[in-house]
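Worksheet: the structure to be examined is printed underneath.
Positions are given from 1 along the sequence.
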Amino acid sequence: MEKSPPEPSPAAAAEEVAARFRSLVDPDDVASIRQTQHLILGRLQDSNAVLTHFNEYSEQCFAEVSSDFASKTRLLKSMKADLEHIFTKLRGMKTRLAATYPDAFPDGAMSKTMDQRPDLETPLD
């Protein structure tokens with residue numbers, strides 16, 4: 001009976017594969033790639049530091065203006081509600097005036113002056 005060649009150990013096989021891979025790639029190219037990767041890593045870390053600083057600054061600025069912004073928003077909403085009430089009252093008064101004194105307003109003049117205010121709900125261009 002013939003004897004088969006002895007099986008190489010897994011460590012020796014791994015060494016052989018690693019040696020063959022190393023022979024396929026030029027060491028200078030690997031060093032150049034590592035240097036480029038290191039340079040890119042440094043740039044990414046610098047960018048990350050700048051963005052972190054900017055986020056902290058933005059958060060601080062937002063904290064300073066958010067309460068003021070909220071109070072101004074409430075004020076504007078209150079003013080809008082007040083103006084809506086005033087315009088509703090004025091339309092009612094104009095209608096009553098036109099009904100009480102029809103001769104005081106020429107035909108069609110009342111419809112032109114009835115509501116000339118802009119629609120506050122539509123966005124501006």
Side-chain angles (χ1 to χ4, degrees):
M1 199 188 281
E2 291 183 33
K3 290 188 176 181
S4 61
E7 291 283 327
S9 69
E15 285 295 323
E16 178 67 24
V17 170
R20 288 189 184 196
F21 273 119
R22 282 192 293 268
S23 69
L24 294 175
V25 180
D26 185 22
D28 293 335
D29 291 341
V30 173
S32 173
I33 291 172
R34 289 187 64 168
Q35 181 181 5
T36 304
Q37 286 179 340
H38 185 69
L39 179 66
I40 291 171
L41 175 65
R43 288 181 181 171
L44 289 174
Q45 287 173 338
D46 290 344
S47 297
N48 189 29
V50 168
L51 289 173
T52 300
H53 177 70
F54 177 76
N55 283 340
E56 290 169 357
Y57 175 73
S58 296
E59 186 177 339
Q60 178 186 0
C61 289
F62 179 75
E64 290 174 4
V65 299
S66 65
S67 63
D68 190 40
F69 182 73
S71 67
K72 300 292 189 222
T73 303
R74 283 191 301 273
L75 177 65
L76 285 173
K77 286 181 180 181
S78 172
M79 289 172 62
K80 181 182 180 218
D82 292 345
L83 287 172
E84 289 289 337
H85 179 72
I86 289 168
F87 282 124
T88 302
K89 291 289 187 179
L90 285 174
R91 278 193 297 276
M93 292 170 76
K94 287 179 182 180
T95 304
R96 281 194 303 268
L97 278 172
T100 306
Y101 304 105
D103 296 336
F105 301 101
D107 290 340
M110 198 62 189
S111 63
K112 291 179 184 175
T113 61
M114 196 55 134
D115 192 3
Q116 293 181 348
R117 66 190 177 95
D119 184 9
L120 299 176
E121 297 299 323
T122 57
L124 297 175
D125 292 330

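- With respect to the salt-bridge test (charged N to carboxylate O, under 4.0 angstrom), the residues Glu16 and Arg20 qualify.
- A distance of 10.0 Å separates CG of Leu90 from NE2 of His85, quoted to the nearest 0.5 Å.
- Put simply, CZ on Arg22 and CD on Glu15 are 6.5 Å apart, with the number rounded to the nearest 0.5 Å.
- Side-chain atoms of Thr36 come within 3.5 Å of backbone N or O of Ser32 as a donor-acceptor pair.
- The SG atom of Cys61 sits 12.0 Å away from the CD atom of Glu56 when rounded to the nearest 0.5 Å.
- Going from atom CD1 of Ile86 over to atom CE of Met79 covers 10.0 Å, rounded to the nearest 0.5 Å.
- For Tyr101, the side chain to side chain contact (heavy atoms under 4.5 Å, CB included) partners are Leu97, Ala104, not counting sequence neighbours.
- In this structure, the side chain to side chain contact (heavy atoms under 4.5 Å, CB included) partners of Ser71, at least two apart in sequence or on a different chain, are Asp68, Arg74.
- No continuous path of hydrophobic side-chain contacts links Leu76 to Val65 [ILVMFWY only; heavy atoms under 4.5 Å].
- Cluster partners of Ile40 are Leu44, counting Ile, Leu, Val, Met, Phe, Trp and Tyr whose side-chain heavy atoms approach within less than 4.5 Å, directly or via other members.
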